[in-house]
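Just so you know, residue 1 is the first one in the sequence shown, and it goes up from there.
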Amino acid sequence: QVQLVESGGGLVQAGGSLRLSCAASGRTFSTYTMGWFRRAPGKERKVAVGISWNGDSTYYADSVKGRFTISRDNAKNTMYLEMNSLKPEDTAAYYCAAVTSRSLTTQPTDYTYWGQGTQVTVSS
């Protein structure tokens with residue numbers, strides 16, 4: 001069983017930055033494909049970014065390209081999401097997710113483990 005714990009959310013003004021972290025329990029973090037998903041109020045959960053087990057492959061939704069950066073430190077069992085130039089439309093609950101896979105996937109139904117989420121609110 002893997003537990004994922006997100007941190008780093010909060011309230012920020014438009015144009016500001018936040019850094020989210022996702023800490024994972026267990027010894028097999030390096031075998032997980034990881035992703036950050038977000039759910040805005042009244043909308044469905046969608047992938048924002050994804051990263052392969054070794055960090056060689058990444059995925060960015062068009063809406064976050066050039067502003068968000070995903071990274072992972074397998075030695076620390078932690079994944080990060082650096083968010084810059086934040087916009088009000090980035091306001092959402094952000095969830096980290098993991099799946100034991102060598103293939104990067106962006107479908108939420110493919111992911112096995114989920115964190116509780118952290119709220120990001122961007123004011124205009």
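- Remark: E82 CD is packed, more than 12 non-hydrogen atoms of other residues, nucleotides or ligands lying under 6.0 Å away.
- Of all the heavy atoms in P88 and A14, the pair that sits closest is CD-CB, 4.1 Å.
- The two residues V2 and A24 come nearest to each other via the heavy atoms CG1-CB, 4.5 Å.
- Contact between S17 and N84 at its shortest, heavy atoms only, is OG-OD1, 2.8 Å.
- The backbone N or O of Q3 lies less than 3.5 Å from a partner atom in the side chain of S25, making a donor-acceptor pair.
- The same ILVMFWY cluster, assembled from side-chain heavy atoms under 4.5 Å apart, contains both W114 and Y59.
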As a quick check of understanding, evaluate side-chain contact (heavy atoms from CB on, under 4.5 Å) for L20 and V120, giving each step before the final call.
CA-CA 9 Å; L20 304 184; V120 172; 4.1 Å; yes
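- Residues T28 and T100 fail the side-chain proximity criterion, which asks for heavy atoms closer than 4.5 Å.
- Of all the heavy atoms in I51 and M79, the pair that sits closest is CG2-SD, 4.0 Å.
- In plain terms, the two heavy atoms of L104 and S52 that are nearest each other are CD1-N, 4.0 Å.
- The line from OG of S7 to CZ of R19 is 9.5 Å long, rounded to the nearest 0.5 Å.
- A 4.5 Å side-chain heavy-atom check between Y111 and T105 finds at least one atom pair inside the cut-off.
- Atom CZ of R72 and atom SG of C22 lie 9.5 Å apart (nearest 0.5 Å).
- Between Y60 and T69, some side-chain heavy-atom pair lies under the 4.5 Å cut-off.
- The closest donor-acceptor contact from the side chain of T33 to the backbone of S103 lies under 3.5 Å.
- Counting only distance, with no hydrogens or angles, the side chain of S101 and the backbone of V99 share no donor-acceptor pair below 3.5 Å.
- One hydrophobic cluster holds both V12 and M83 under the rule that ILVMFWY side chains link at heavy-atom gaps under 4.5 Å.
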Please lay out, stage by stage, how T112 and Y32 fare under the test side-chain contact (heavy atoms from CB on, under 4.5 Å). CA-CA 10 Å; T112 307; Y32 299 139; over 6 Å; no
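- By the rule that hydrophobic residues join a cluster once side-chain heavy atoms approach within less than 4.5 Å of another member, M34 and W53 end up as members of separate clusters.
- The nearest pair of heavy atoms linking W36 to E6 is CZ3-CG, 3.8 Å.
- The shortest side-chain heavy-atom distance between F68 and L86 falls under the 4.5 Å cut-off.
- The CG atom of L81 sits 9.5 Å away from the OG atom of S21 when rounded to the nearest 0.5 Å.
- Applying the side-chain hydrogen bond (donor to acceptor under 3.5 Å, both in side chains) test to residues at least two apart or on different chains, the pairs with a partner in residues 88-99 are R38-D90, R38-Y94, R67-D90.
- Here the OG atom belonging to S124 is positioned 14.0 Å from the NZ atom belonging to K87, to the nearest 0.5 angstrom.
- Linking ILVMFWY side-chain heavy atoms closer than 4.5 Å, directly or via other members, places V122 and V49 in a single hydrophobic cluster.
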